[in-house]
Protein chains: 2
Amino acid sequence: MDGDKIRNMEEFAAVAGISRPTISKYFHDPDSVKKSTRARIEEALERHDYRPNIFAMNQNRKLTRTIGIVVPYLADPVFGEIARTIEQRCIKAGYRAALFSSHGEQASEIEALESLRSLRPSGVLLAPLGRFSDRDFIAEFCQEFPTVLFDRDIGDVGAAFVGSDNMSFVSQSVEYLTRTGDAPCFFEMKNPSNPNSIARRHGYREAMQARGLEPMFVQVDGEGWEFERSGYEGGLRAIANRELPTHTVLCSNDRLAIGFLAACYESGLRVGRGSGCALRVAGHDDHPHARFTCPSLTTVAHEYDTVSECGVETLFELIEQGGSFDTRREKRFPARLMLRNSA
Amino acid sequence: MDGDKIRNMEEFAAVAGISRPTISKYFHDPDSVKKSTRARIEEALERHDYRPNIFAMNQNRKLTRTIGIVVPYLADPVFGEIARTIEQRCIKAGYRAALFSSHGEQASEIEALESLRSLRPSGVLLAPLGRFSDRDFIAEFCQEFPTVLFDRDIGDVGAAFVGSDNMSFVSQSVEYLTRTGDAPCFFEMKNPSNPNSIARRHGYREAMQARGLEPMFVQVDGEGWEFERSGYEGGLRAIANRELPTHTVLCSNDRLAIGFLAACYESGLRVGRGSGCALRVAGHDDHPHARFTCPSLTTVAHEYDTVSECGVETLFELIEQGGSFDTRREKRFPARLMLRNSA
DNA sequence: CAGAAAAATTATCGCGCGTAAAGAAAATTC
DNA sequence: GAATTTTCTTTACGCGCGATAATTTTTCTG
């Protein structure tokens with residue numbers, strides 16, 4: 001804790017009485033220097049608390065041991081949570097993480113990848129925007145750095161994809177709902193930008209048809225990422241205009257469902273599977289708030305932990321393999337029905 | 001879009017037929033070179049799409065034009081939203097943003113600031129953890145870089161603080177609730193780590209005493225950042241044990257309130273200000289979900305936009321002033337009551 | 001204690017870029 | 001057209017560190 005600040009490794013080497021390359025080796029791997037020198041370095045470290053400049057380090061390093069994480073919208077708590085768990089897994093594995101959000105915009109997604117390029121990351125975990133992604137740009141990026149896509153697939157880009165099996169998602173919820181009552185209609189945005197939404201729409205259609213049932217869609221307006229608002233306003237309208245074809249509503253995702261539940265509450269519709277209930281509502285994703293809605297939301301859970309763990313591990317394997325797999329790996333995890341009180 | 005990749009500025013200068021220092025000047029400010037050379041550079045840019053390495057640029061630059069943003073917990077949608085707006089304001093002002101989350105842990109907060117140090121940011125907007133922050137470390141950091149604290153103040157650290165006036169927050173909600181019905185009890189965590197929570201506790205006590213009323217506290221267990229869970233479980237228990245001293249509950253923040261509302265719903269307590277209602281519930285913060293709870297949550301709104309705008313502008317002013325103000329600036333914005341249906 | 005092995009040192013280059021100074025070329029002025 | 005100003009090029013160095021090779025020093029082995 002000396003007053004005189006150490007400006008760089010050279011100065012620190014001087015006060016430690018050890019040559020700079022040895023200091024460099026120490027920070028690369030403390031065990032690579034002799035025990036006595038390590039002690040001397042660590043003693044000096046306590047007196048002067050110096051830390052090497054991470055970006056200067058990475059500039060000329062073979063392996064930066066930095067993992068880039070890009071999510072489409074960080075203000076969405078689902079992605080906030082995913083990013084957090086991934087980041088911690090990386091740190092636990094001895095990597096550092098650099099987090100970027102695409103803010104739902106193509107330009108930001110490109111900007112994030114350009115920034116990452118400057119970091120020369122050892123690997124990248126990318127949840128692309130989807131329909132709004134610049135597919136060619138991303139493909140080129142994936143050529144340059146070991147990249148694993150997750151959450152949303154944009155088809156044949158990157159060395160691997162890890163996510164949820166939307167078919168499994170929807171078939172589980174449709175199976176449960178049809179088994180225990182009315183067949184569900186599907187409540188969704190008219191023009192989703194998200195590949196998962198589209199996959200779920202297909203999944204719903206197929207699951208219904210497989211049971212000899214006619215698919216029913218309730219499509220609401222709304223742009224961008226204000227899903228709750230879309231669900232709420234679209235829900236109010238659908239209820240007022242009696243546009244709901246059944247008493248069971250399956251929402252494309254939980255954020256829509258949260259808005260829809262608010263619309264039901266406000267419209268005086270009691271939601272649940274009890275006898276006094278007018279409507280059953282279910283969602284997909286197991287949003288962090290899903291257990292705190294009124295009533296708590298029956299939904300289908302991502303295996304967050306599993307997906308993020310598999311994503312990280314796939315990436316590490318990819319890095320070890322030198323950046324490419326023989327064939328693109330695709331792993332989709334089945335979902336788990338979370339039975340709560342709304343359906 | 002030539003096949004041969006440009007690896008650095010030197011190579012790009014070669015293919016553009018212009019010297020590297022001039023290219024460097026161009027990227028620093030396109031208007032600083034003659035129109036004809038700018039045209040030549042931009043033409044080459046289209047053929048080869050090159051972008052300078054941002055971290056190498058910053059390494060030896062006087063002004064990096066990078067703003068560091070550190071929030072205590074990014075998976076919290078409130079901070080996600082704040083971070084997003086701040087980031088966009090920085091970009092609009094011609095700065096780039098580097099975002100970090102402290103994940104609710106001191107070690108991560110320090111790690112974030114260390115990473116920022118390597119970036120040599122032009123300025124930093126820091127929302128500290130609060131009680132868990134390493135105050136000395138942060139103070140030292142603030143000496144080194146122009147730093148504006150926001151959201152939470154940790155007393156006399158940094159050149160400025162911008163946030164909400166917790167007194168105004170609580171006095172508004174207490175005023176409204178006492179005027180329109182029962183005096184509220186205060187629902188909060190037993191050991192909040194957050195300075196705002198502590199300030200609100202004091203604010204509540206004073207607001208009640210100013211009206212000649214006895215403050216009433218309902219304190220629930222719970223650690224970390226799972227506020228909804230704490231509110232839910234604590235709420236269930238308080239309701240079951242009839243520990244609520246009044247029919248009006250003022251929650252320290254909206255996330256607690258969201259959990260508490262779920263507990264009310266599950267306990268069969270109707271919340272709202274109508275005649276058939278057993279309980280009134282209000283919160284603080286105007287969480288993004290507050291308008292979609294059942295019933296919609298009466299709360300007190302941050303002026304998100306105002307706070308983030310003021311924070312960013314204060315920081316820019318600080319940067320222009322050379323990194324320090326004569327006296328520490330403190331700006332606390334009053335809050336706005338958001339009247340909804342829960343109280 | 002000598003000899004071999006291990007570790008640290010010196011020296012020098014590289015990463016991708018910023019920056020400053022001096023001179024050459026081009027554009028502007030009168 | 002010459003004199004001036006602006007702009008560009010050249011050259012050289014710096015940022016903070018990684019990496020390598022050639023030496024020197026230290027440590028280990030017997």
Side-chain angles (χ1 to χ4, degrees), chain A residues 5-42 44-45 48-66 96 114-122 144, chain B residues 5-42 44-45 48-66 96 114-122 144:
Chain A
K5 279 269 188 281
I6 305 292
R7 307 194 147 275
N8 53 38
M9 195 177 277
E10 189 130 10
E11 285 189 21
F12 177 70
V15 300
I18 290 181
S19 73
R20 187 177 67 80
T22 303
I23 303 285
S24 175
K25 273 190 73 180
Y26 169 83
F27 279 109
H28 189 77
D29 174 13
D31 291 329
S32 67
V33 303
K34 212 194 334 174
K35 201 165 56 184
S36 62
T37 42
R38 184 174 38 206
R40 283 169 62 200
I41 293 174
E42 276 157 5
L45 225 40
H48 292 85
D49 74 10
Y50 155 79
R51 283 193 46 164
N53 183 308
I54 182 66
F55 300 102
M57 277 178 61
N58 284 347
Q59 188 148 8
N60 194 26
R61 217 180 200 178
K62 290 182 174 165
L63 288 72
T64 59
R65 295 193 75 80
T66 298
R96 46 178 33 248
E114 289 281 14
S115 293
L116 266 180
R117 194 201 300 274
S118 295
L119 269 177
R120 307 191 315 113
S122 295
E144 201 172 343
Chain B
K5 280 268 186 283
I6 306 293
R7 307 194 146 276
N8 53 40
M9 196 178 276
E10 188 132 10
E11 286 189 20
F12 177 71
V15 301
I18 290 180
S19 73
R20 188 178 67 78
T22 304
I23 302 286
S24 175
K25 270 191 75 181
Y26 168 83
F27 279 108
H28 190 77
D29 174 13
D31 291 328
S32 67
V33 302
K34 211 198 325 176
K35 201 165 54 182
S36 62
T37 39
R38 185 175 28 191
R40 285 168 62 201
I41 292 174
E42 275 158 6
L45 225 39
H48 292 81
D49 74 12
Y50 156 79
R51 284 194 44 165
N53 183 308
I54 181 66
F55 300 102
M57 280 177 60
N58 284 347
Q59 186 148 9
N60 195 25
R61 217 182 200 175
K62 292 185 171 162
L63 289 72
T64 60
R65 296 194 74 79
T66 299
R96 47 179 30 249
E114 290 281 14
S115 293
L116 266 180
R117 194 201 300 273
S118 294
L119 269 177
R120 307 192 314 114
S122 294
E144 200 170 346

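Every value quoted in this text rests on a predicted model; they were computed, and no experiment measured them.
In this structure, the NZ atom of B/Lys35 is 13 Å from the P atom of D/dC8, given to the nearest Å. Going from atom CZ of A/Arg40 over to atom C1' of C/dA8 covers 10 Å, rounded to whole Å. Distance CE (B/Met57) to P (C/dC17): 9 Å, rounded to an integer number of Å. As rounded to whole Å, 8 Å separates atom P of C/dA8 from atom CD1 of A/Ile18. In this entry the distance linking CZ of A/Arg117 with P of C/dG16 reads 13 Å, nearest Å. We find that CZ of B/Arg7 is positioned 12 Å from P of C/dC17, with the value rounded to whole Å. Spacing between atom CD of A/Gln59 and atom P of C/dG16 amounts to 7 Å, rounded to whole angstrom units. In this structure, B/Asn8 places its CG atom 8 Å from P of C/dC15, rounding to the nearest Å.
Counting non-hydrogen atoms under 4.0 angstrom, A/Phe12 reaches nothing in the nucleic acid. Within 4.0 Å (heavy atoms only), A/Thr37 reaches sugar-phosphate atoms of the nucleic acid but no base atom.
Looking only at side-chain heavy atoms (C-beta outward), B/Gln59 and A/Gln59 come within less than 4.5 Å of each other. Counting heavy atoms from C-beta outward, A/Ile18 and A/Phe12 have side chains that stay 4.5 Å or more apart.
Checked by atom type and distance alone, the side chain of B/Arg120 never pairs as donor or acceptor with a backbone atom of B/Thr64 at under 3.5 Å.
Listed by first and then second residue, the salt bridge (charged side-chain N to carboxylate O under 4.0 Å, His left out) pairs involving residues 7-30 of chain B amount to none (not counting sequence neighbours).
Distance check: B/Leu119 CG to B/Arg117 CZ gives 12.0 Å after rounding to the nearest 0.5 Å. Rounding to the nearest 0.5 Å places CZ of B/Arg40 at 9.5 Å from OG1 of B/Thr22.
In terms of heavy-atom proximity, A/Ala13 sits nearest to A/Ser19 at CB-C, 4.0 Å. When every heavy atom of A/Ser118 is checked against every heavy atom of B/Pro52, the shortest pair comes out as OG-O, 4.0 Å.
With hydrogens and angles left out, the side chain of A/Asn60 and the base of D/dG18 share a donor-acceptor pair within 3.5 Å.
Under the 30°/60° scheme for interplanar angles, the aromatic rings of A/Phe27 and A/Tyr50 are found to stand perpendicular.
Only B/Ser19, B/Arg20, B/Pro21, B/Thr22, listed by number, bring a heavy atom of residues 19-29 of chain B to less than 4.0 angstrom from any atom of DNA chain D.
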Quick one, give me the B/S/- string for nucleotides 22-30 of chain D, reading 5' to 3', where B means a protein heavy atom under 4.0 Å from the base and S means that only happens at the primed atoms, P, OP1 or OP2.
-> ----SS---
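Taking only side-chain atoms of A/Met9, from C-beta outward, the nucleotide of D/dG18, D/dC8, C/dG18 with the closest atom is D/dG18. In this structure, the nucleotide among C/dT19, D/dG18, C/dG16 sitting nearest to the side chain of B/Ala56 is C/dG16.
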